[in-house]
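These notes are about the structure you will find just below.
Letters go in sequence order (proteins before strands), and every chain restarts at 1. Bear in mind the structure is a predicted one, so any value in this text is a computation, not a measurement.
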Amino acid sequence: MPYDPKRIEPRWQSHWRERGTFRAEIDPSRPKYYVLDMFPYPSGAGLHVGHPKGYIATDVLARWKRMRGFNVLHPMGWDAFGLPAEQYAIETGTHPRVTTRRNIETFKRQIESLGFSYDWSREIDTTDPGYVRWTQWIFARLFERGLAYEAEVPVNWCPALGTVLANEEVIDGKSERGGHPVVRLPMKQWMLRITAYADRLLEDLGELDWPEPIKKMQRDWIGRSEGARVRFAVADHDGVEIEVFTTRPDTLFGATYMVLAPEHALVPRITTAAQREAVAAYVEAAKRRSERARIADAKTKSGVATGAFAVNPVNGERVPIWIADYVLAGYGTGAIMAVPAHDERDFEFATAFGLPIRKVVEGTGQELPSTGDGVSVDSGLISGLPTSEAKRRIVAWLESEGRGEGTVTYKLRDWLFSRQRYWGEPFPVLHLEDGSVKLVPESELPVTLPELDDFRPAGERETPLERAREWMQTVDAETGRPARRDRNTMPQWAGSCWYFLRFVDPRNEREPFSREAERYWMPVDLYVGGAEHAVLHLLYSRFWHKVLYDLGLVHTKEPFRKLVNQGMILGASYRYFDDDVADDGRADVRRYSFREVRAEGDGTVAMDDGRPVKARWVPAAQVRSEDGRAWHAELPGLELEEVIEKMSKSRGNVVNPDEVVAEHGADSMRLYEMFLGPIDKEAPWTTEGILGVSRFLQRAWRLLVDEDAPGEPGRALPAGAGTPEQRRLVATTVQGVTDDLEAMRFNTAIAKLMVFVRDVAKDAPLPREAALAFVKLLAPFAPHIAEELWEKLGHRESIAYAPWPEADPALLVADTVTIAVQVNGKRRAEVAVPSDADDDAVRAAALASENVRRHLEGKTPRKVIVVKGRLVNVVL
RNA sequence: GCCCGGGUGGCGGAAUUGGUAGACGCGCUAGCCUCAGGAGCUAGUGAGGGCAACCUCGUGCUGGUUCGAAUCCAGUCCCGGGCACCA
């Protein structure tokens with residue numbers, strides 16, 4: 001019988017499960033390696049082939065590290081709180097706990113079928129009360145340190161979802177999930193003081209082995225900028241000052257007007273009677289204007305003069321005060337000094353409203369606005385100074401005069417940490433009647449969710465928890481006084497902020513994790529997940545980790561030493577177009593192939609009469625391919641356009657791993673995903689492509705197994721290491737695969753294994769030592785077949801801990817090398833020379849080559865360049 | 001608009017440091033095997049020319065540096081992602 005993964009794979013999976021092969025225990029005598037996947041949210045749809053790509057990569061490395069003697073921690077769990085289960089509960093009444101449990105079962109079955117070497121005894125579920133307890137416990141520590149506080153803040157309220165959202169969850173004025181409109185409302189909310197850690201979050205990025213783009217995104221998100229606060233007196237208002245933030249205090253002499261954000265507190269106070277009406281109208285309009293509209297015409301500046309004037313502290317000049325929505329209330333002080341000559345936005349505004357423009361920096365180009373550094377001019381005490389020195393001097397002067405000071409601001413805001421939802425961690429706090437807030441005593445943790453049968457918000461601005469009236473009303477166990485529970489729950493990010501710490505000691509009931517386990521296993525050596533978490537999860541968990549560091553609970557400043565973002569797996573989807581733009585399914589719909597339409601503006605229109613059309617996606621099952629083109633199986637003559645894009649249900653291009661495993665086996669699936677290309681790049685899935693790696697495994701199988709003999713024994717292999725060629729092939733394969741694994745070049749490692757199988761038994765039978773080395777090299781990638789072959793080679797122990805082979809350095813250098821010979825840079829011949837031949841010998845051999853002589857045409861070379869082991873270039 | 005990635009055969013992708021472009025795989029072609037094959041095996045496969053040995057062209061485009069450029073430099077076009085009035 002040929003290689004049959006269906007027979008082999010379940011057998012080894014239960015073998016590993018039963019023996020606890022991948023159970024990890026603390027062992028100070030061995031070096032540890034903690035390799036972690038970003039744990040998934042178990043959605044109802046199950047996995048598609050894109051999800052496991054990162055898991056396969058980490059599993060290959062985990063298995064490889066074990067074979068190299070590392071004590072490997074490789075856990076998996078579930079980020080199981082979250083909106084979809086709750087939305088489903090609202091629609092169907094099914095408790096999110098039930099949905100979540102069912103989804104976890106599906107995910108776990110699918111993940112296990114791929115043969116990952118997780119230590120399942122460490123499985124975590126963030127919704128488990130035993131986990132929630134410690135999430136709440138950490139929140140309590142944040143609260144004690146003043147890092148969690150309640151504040152009345154304008155929040156992103158999403159009426160459709162019935163909740164507020166974090167800034168990060170709002171994109172272009174719409175919710176990230178579902179794309180529902182979001183409005184700004186003031187509400188009392190829990191906030192986490194992540195801004196207190198802004199500098200450390202920024203600085204410590206330096207030491208991390210993370211992709212540069214991700215680090216940069218975090219830096220930009222934190223958005224540190226150095227500058228100064230400057231106070232301008234408001235003319236004719238005794239003691240009233242406007243404080244502005246600027247990164248260019250050196251341009252203070254060029255300030256020709258000021259701008260307040262429409263929401264600025266001073267606006268009503270300083271507006272003159274003549275301007276009152278216009279200002280009120282503008283403020284009102286700005287309030288109504290959606291985020292989206294503001295962004296859309298960011299280039300058109302609008303604003304209104306307040307009629308008031310401010311006094312520039314450096315020269316006593318009176319400058320008009322305007323309000324405009326290009327100044328944001330939430331950044332800096334919500335007010336700016338406008339220097340139109342040296343700021344693009346101020347320049348646009350000044351041009352639009354005819355305000356004066358005064359140049360105070362020279363040497364940055366003639367065209368205004370010029371925003372670069374130069375030399376200050378017409379600037380009193382800083383005239384003639386270069387920008388950096390001018391900044392220093394003017395800040396010193398402002399400080400000595402009490403008119404301002406040097407300061408730093410951040411784009412990063414405090415983290416809005418509460419949600420008006422049911423399916424999340426309750427806050428472990430009590431609201432007492434006197435309005436004070438205290439923590440639920442530690443002995444009372446966890447605070448568990450009340451049972452509900454209706455999960456909708458309880459009313460306009462009321463939360464689902466408020467339906468549980470008895471649960472909400474409680475008593476403070478310490479004083480016996482009546483108390484109200486918090487009506488909010490934590491956001492989904494909470495559980496994932498520290499799960500990597502729980503994995504080191506997941507069943508601890510006395511503390512979140514033991515000091516011993518944390519000291520041994522942390523930090524995470526390799527963390528693999530999607531780039532979509534670049535700022536959110538990764539910034540939040542770094543923040544929590546630093547708080548725990550300050551509490552002495554963890555011993556490293558940073559949780560994740562090395563980070564890798566796996567690229568997506570894309571699928572082919574197919575589409576045509578029709579003119580039923582309104583989706584009303586009328587009968588006379590006209591259909592178009594992609595060849596009959598063109599893009600116009602934001603949409604697509606028919607080429608013949610220009611009517612708008614809409615794309616229709618055709619599930620793969622209804623696509624017929626013929627002479628290299630795709631056709632609709634049920635609508636004859638309708639040619640479909642193939643589009644390679646992210647897999648998603650709506651596109652009908654999702655490939656289910658269950659089907660792939662059933663047809664080709666888990667080992668082929670693992671190998672294929674790793675063979676597709678570099679791990680961090682996206683790559684399209686094709687059904688034919690997997691046949692290549694499947695064939696490779698079959699060949700490997702036949703190389704080692706006698707399929708015709710009864711019981712399919714391993715072949716009787718000659719003892720020893722074989723011919724010199726075979727020994728050399730083993731050595732170069734071992735070295736190559738090892739180097740590739742070190743650099744996570746899985747695709748080229750697999751290519752080298754393919755070459756090995758192709759060539760090793762070409763001229764002589766496969767020797768036993770070569771077979772042993774090969775099976776070990778294969779094991780991290782295709783563990784099931786490797787175990788099976790390992791057993792057939794006579795081993796009783798799992799290959800999981802077999803020592804990784806080492807290459808004999810002596811075999812890595814060939815006896816003879818083939819050298820390319822160029823004449824004037826063009827390749828004309830090849831010569832074989834001994835690898836230790838000196839340059840003169842190589843040169844002689846090259847010049848003696850027939851084709852080279854022909855191209856020399858009897859001339860004497862001007863120069864001959866010899867690159868050792870590579871080539872010879874003869875220059876005429 | 002700004003900041004990152006990336007453009008290599010029909011396709012996915014290889015190519016230590018500037019040194020034989022196209023490893024490996026898919027697909028395709030031919031042959032073998034077969035009752036049959038969406039199975040297996042062998043060979044071929046960047047384009048063009050030539051019976052052949054070989055020759056010419058070729059890594060988005062235009063220049064440059066170099067004995068030699070996919071690789072370095074300058075400019076430019078296209079694709080993907082991130083940020084987007086942050087003073």
| query | How close or far is atom P of B:G13 from atom CG of A:Asp740, stated in whole angstroms? | reply | 17 Å

| What is the distance from CG of A:Asp325 to P of B:A87, rounded to the nearest Å? | 18 Å

Could you tell me which residues satisfy salt bridge (charged side-chain N to carboxylate O under 4.0 Å, His left out) with [X], sequence neighbours excluded, listed by chain and number?
{"X": "A:Arg827", "answer": "A:Glu830"}
{"X": "A:Lys215", "answer": "A:Glu212"}
{"X": "A:Glu645", "answer": "A:Arg651"}

For [X], which contact category applies under a 4.0 Å heavy-atom criterion: base, sugar-phosphate, or nothing?
{"X": "A:Thr246", "value": "sugar-phosphate"}
{"X": "A:Lys411", "value": "base"}
{"X": "A:Arg224", "value": "nothing"}
{"X": "A:Asp739", "value": "nothing"}
{"X": "A:Lys826", "value": "sugar-phosphate"}

| How would you label the glycosidic angle of B:G75: syn (within 90° of 0) or anti? | anti

Counting only pairs under 3.5 Å, give me each side-chain donor-acceptor contact of residues 684-693 of chain A, with atom names and distances, residues two or more places apart or in other chains.
{"unit_1": "A:Thr686", "atom_1": "OG1", "unit_2": "A:Tyr672", "atom_2": "OH", "d": "3.2"}
{"unit_1": "A:Thr686", "atom_1": "OG1", "unit_2": "A:Gly689", "atom_2": "N", "d": "3.1"}

| said: In whole Å, measure the gap between the C1' atoms of B:G60 and B:C79 for me. | reply: 11 Å

| query | B:A70 and B:A15: how far apart are their P atoms, nearest whole angstrom? | reply | 15 Å

| request: Kindly point out which of B:C4, B:A87, B:G25 is positioned nearest to the side chain of A:Pro213? | output: B:C4

| request: Output the single nucleotide from B:C4, B:G12, B:A87 whose closest atom is nearest the side chain of A:Tyr331. | output: B:A87

[X]: which residues meet the side chain to side chain contact (heavy atoms under 4.5 Å, CB included) condition with it, sequence neighbours left out?
{"X": "A:Ser225", "answer": "A:Phe245, A:Thr247, A:Tyr331, A:Thr409"}
{"X": "A:Asp838", "answer": "A:Asp840, A:Ala841"}
{"X": "A:Asp740", "answer": "A:Arg745, A:Thr748, A:Ala749, A:Lys752"}
{"X": "A:Arg224", "answer": "A:Asp199, A:Leu202, A:Glu226, A:Val408, A:Tyr410"}

| Does B:G9 pair with anything, Watson-Crick or G-U wobble, both distances under 3.5 Å, and if so, with which nucleotide? | none

| remark: Applying the 3.5 Å cut-off to both distances, the Watson-Crick or G-U partner of B:A52 turns out to be none

Under 3.5 Å, which protein N or O atoms sit close to an N or O of nucleotides 19-21 of chain B? Give each pair with its distance.
{"unit_1": "B:U20", "atom_1": "O2", "unit_2": "A:Arg827", "atom_2": "NH1", "d": "3.4"}
{"unit_1": "B:U20", "atom_1": "O2", "unit_2": "A:Glu830", "atom_2": "OE2", "d": "3.0"}

Show each protein N/O and nucleotides 79-82 of chain B N/O combination with a separation under 3.5 Å, one pair to a line.
none

| request: For nucleotides 39-53 of chain B, just jot down a letter per nucleotide in 5' to 3' order: B, S or -, based on protein non-hydrogen atoms under 4.0 Å. | output: SSS------------

| request: Mind jotting down which residue pairs meet the ring pair (Phe, Tyr, Trp, His ring centres under 6.0 Å) criterion with at least one end in residues 730-750 of chain A? Sequence neighbours excluded, please. | output: none

| A:Lys301 charged N/C atom sitting above A:Phe349 aromatic ring, 6.0 Å / 45° | no

| said: Please find the pair of heavy atoms, one from A:Pro356 and one from A:Thr256, that lie closest to each other, and give the distance. | reply: O-OG1, 2.8 Å

